[in-house]
Amino acid sequence: MKQMGIIGYSSPDCGMERYYTQENMKQLLDDWEAENRRLHESELLEIAKKSAREFIRDADGETYTQEDWETYLTEDASRVDKDTEEAMTCAIDEREWFTRAEYIDSLVDDR
């Protein structure tokens with residue numbers, strides 16, 4: 001009887017290095033997004049308050065849509081810098097209260 005050796009595998013993790021690298025990169029990105037979001041938190045709320053006043057003025061009595069509100073927030077945040085825009089995008093993805101269209105009136109009242 002012939003003995004079969006291990007063919008093509010130099011270690012138990014052979015081929016997994018790419019997977020581990022990708023997972024590590026995802027974790028680093030998640031950590032950066034969380035830190036960036038934390039650093040810009042108060043600034044994002046101020047942007048949302050300013051954007052709410054403009055949004056209501058420009059809506060001219062029409063119903064507020066979530067998509068339009070998110071566009072306003074993202075555009076206003078991008079005028080500050082790229083990190084602020086990324087933080088706002090993260091806040092929108094996490095559905096923070098100030099990124100939701102139903103709270104626009106509350107933002108205007110909270111000066």
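Since we're looking at a predicted model, the values are computed, not measured.
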**Q** When rounded to the nearest 0.5 angstrom, what is the spacing between CD in E54 and CZ in R57?
**A**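 These two atoms lie 5.5 Å from each other.
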**Q** Is S78 reaching over with its side chain to a backbone N or O of E75, donor-acceptor style, under 3.5 angstrom?
**A**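 Pair found, side chain donor or acceptor close to backbone of E75.
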**Q** Quick one: side chain to side chain donor-acceptor pair (under 3.5 Å) partners of T71, sequence neighbours excluded?
**A**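 So T71 forms no side chain to side chain donor-acceptor pair (under 3.5 Å) with any residue.
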**Q** L107 and A52: which non-hydrogen atoms are nearest, and at how many Å?
**A**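 Between these two residues, the closest heavy atoms are CB-CB, 3.8 Å.
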**Q** For V108 versus R53, what's the shortest heavy-atom pair and its separation?
**A**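 Here V108 and R53 meet closest at CG2-N, 3.8 Å.
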**Q** Rounded to the nearest 0.5 Å, how far apart are CD1 of I47 and OG1 of T74?
**A**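 Those atoms lie 10.0 Å apart.
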**Q** If you measure from OG1 on T84 to CZ on R79, what distance do you get to the nearest 0.5 Å?
**A**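 Answer rounded to 0.5 Å: 13.0 Å.
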**Q** If you round to the nearest 0.5 Å, how far is CD of E85 from CG of D76?
**A**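 If we round to the nearest 0.5 Å, D76:CG and E85:CD are 11.0 Å apart.
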**Q** Test D93 against T99 for side chain to side chain contact (heavy atoms under 4.5 Å, CB included), laying out the working first.
**A** CA-CA 9 Å; D93 290 345; T99 68; over 6 Å; no
**Q** Identify, with sequence neighbours excluded, every residue that meets side chain to side chain donor-acceptor pair (under 3.5 Å) alongside E70.
**A**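 With sequence neighbours excluded, E70 shows a side chain to side chain donor-acceptor pair (under 3.5 Å) to Q66, given in chain and number order.
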**Q** Distance check, rounded to the nearest 0.5 Å: D81 atom CG versus E43 atom CD?
**A**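 One gets 6.5 Å once the value is rounded to the nearest 0.5 Å.
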**Q** Looking at residues at least two apart in the chain, or sitting in another chain, which of them share a side chain to side chain donor-acceptor pair (under 3.5 Å) with D58?
**A**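 Applying side chain to side chain donor-acceptor pair (under 3.5 Å) to D58 gives Y72.
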**Q** Hey, do the aromatic rings of F55 and W69 have their centres closer than 6.0 Å?
**A**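 When the ring centroids of F55 and W69 are compared, they turn out to be within the sub-6.0 Å range.
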**Q** From L73 CG over to R100 CZ, what is the distance, rounded to the nearest 0.5 angstrom?
**A**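 Nearest 0.5 Å value for the CG-CZ distance: 13.0 Å.
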**Q** When you look at E46 and K50, which way does the salt bridge (charged side-chain N to carboxylate O under 4.0 Å, His left out) test go after all the steps?
**A** CA-CA 6 Å; E46 291 305 313; K50 177 185 164 289; over 6 Å; no
**Q** What heavy-atom pair brings A101 and Y64 nearest, and what distance separates the two atoms?
**A**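 Closest heavy-atom pair between A101 and Y64: O-CD1, 4.1 Å.
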